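For reference, the structure discussed in these notes is given below.
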Amino acid sequence: MAHTTTWQPLGGIDKGNLPSYVFAFPKQRIDPMTDVFDVRYALEHFATIPEVSDEDREVAFDNIKKAAEHFHLELDGETYEEMCCRPQVEVIPLD
């Protein structure tokens with residue numbers, strides 16, 4: 001009897017299976033933050049996310065701040081408006 005293979009290459013993270021609370025923008029399910037690299041990515045692209053409201057950006061900024069704190073990263077910016085003005089935010093690892 002021949003066996004059917006079940007393996008498939010993973011083309012990326014299946015965002016449909018992640019809970020909304022791991023995303024920087026949970027309503028839009030944009031920028032999952034599951035590790036330090038994801039948080040850095042979310043920071044770098046924060047200002048370039050199109051068609052989101054100021055309220056959504058505030059939520060995303062708060063989420064990014066919380067994730068950065070969890071992963072021991074320091075943000076170079078205090079408000080989401082500062083983040084929008086500086087799309088390339090430097091992330092400084094805390095010792």
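Residue numbers start at 1 and run along the sequence shown. All values derive from a computational prediction rather than experimental measurement.
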Under the salt bridge (charged side-chain N to carboxylate O under 4.0 Å, His left out) rule, collect the residues that match up with K27, sequence neighbours excluded. D56
Does R57 form a side chain to side chain contact (heavy atoms under 4.5 Å, CB included) with F25? I'd like the steps, not just the answer. CA-CA 7 Å; R57 283 200 195 280; F25 293 87; 4.1 Å; yes
If you measure from CG on D54 to CZ on F61, what distance do you get to the nearest 0.5 Å? 13.5 Å
Distance-minimising heavy-atom pair for P26 and S20: CB-O, 3.3 Å
If you compare all heavy atoms of I64 against all heavy atoms of F46, which two are closest, and at what distance to 0.1 Å? CD1-CD1, 3.6 Å
Take atom OH in Y41; do more than 12 heavy atoms of anything else shown fall under 6.0 Å from it? no
Which residues share a side chain to side chain contact (heavy atoms under 4.5 Å, CB included) with D35, sequence neighbours left out: F37, D38
With sequence neighbours excluded, what pairs up with N63 under the side-chain hydrogen bond (donor to acceptor under 3.5 Å, both in side chains) test? none
Hydrophobic cluster membership, with links at side-chain heavy-atom distances under 4.5 Å among I/L/V/M/F/W/Y: are V22 and V59 in one? no
Derivation of the side chain to side chain contact (heavy atoms under 4.5 Å, CB included) call for V39 and M33: CA-CA 5 Å; V39 177; M33 297 184 295; 4.0 Å; yes
List the steps, then state whether side chain to side chain contact (heavy atoms under 4.5 Å, CB included) holds for D31 with I49. CA-CA 10 Å; D31 287 339; I49 303 299; 3.9 Å; yes
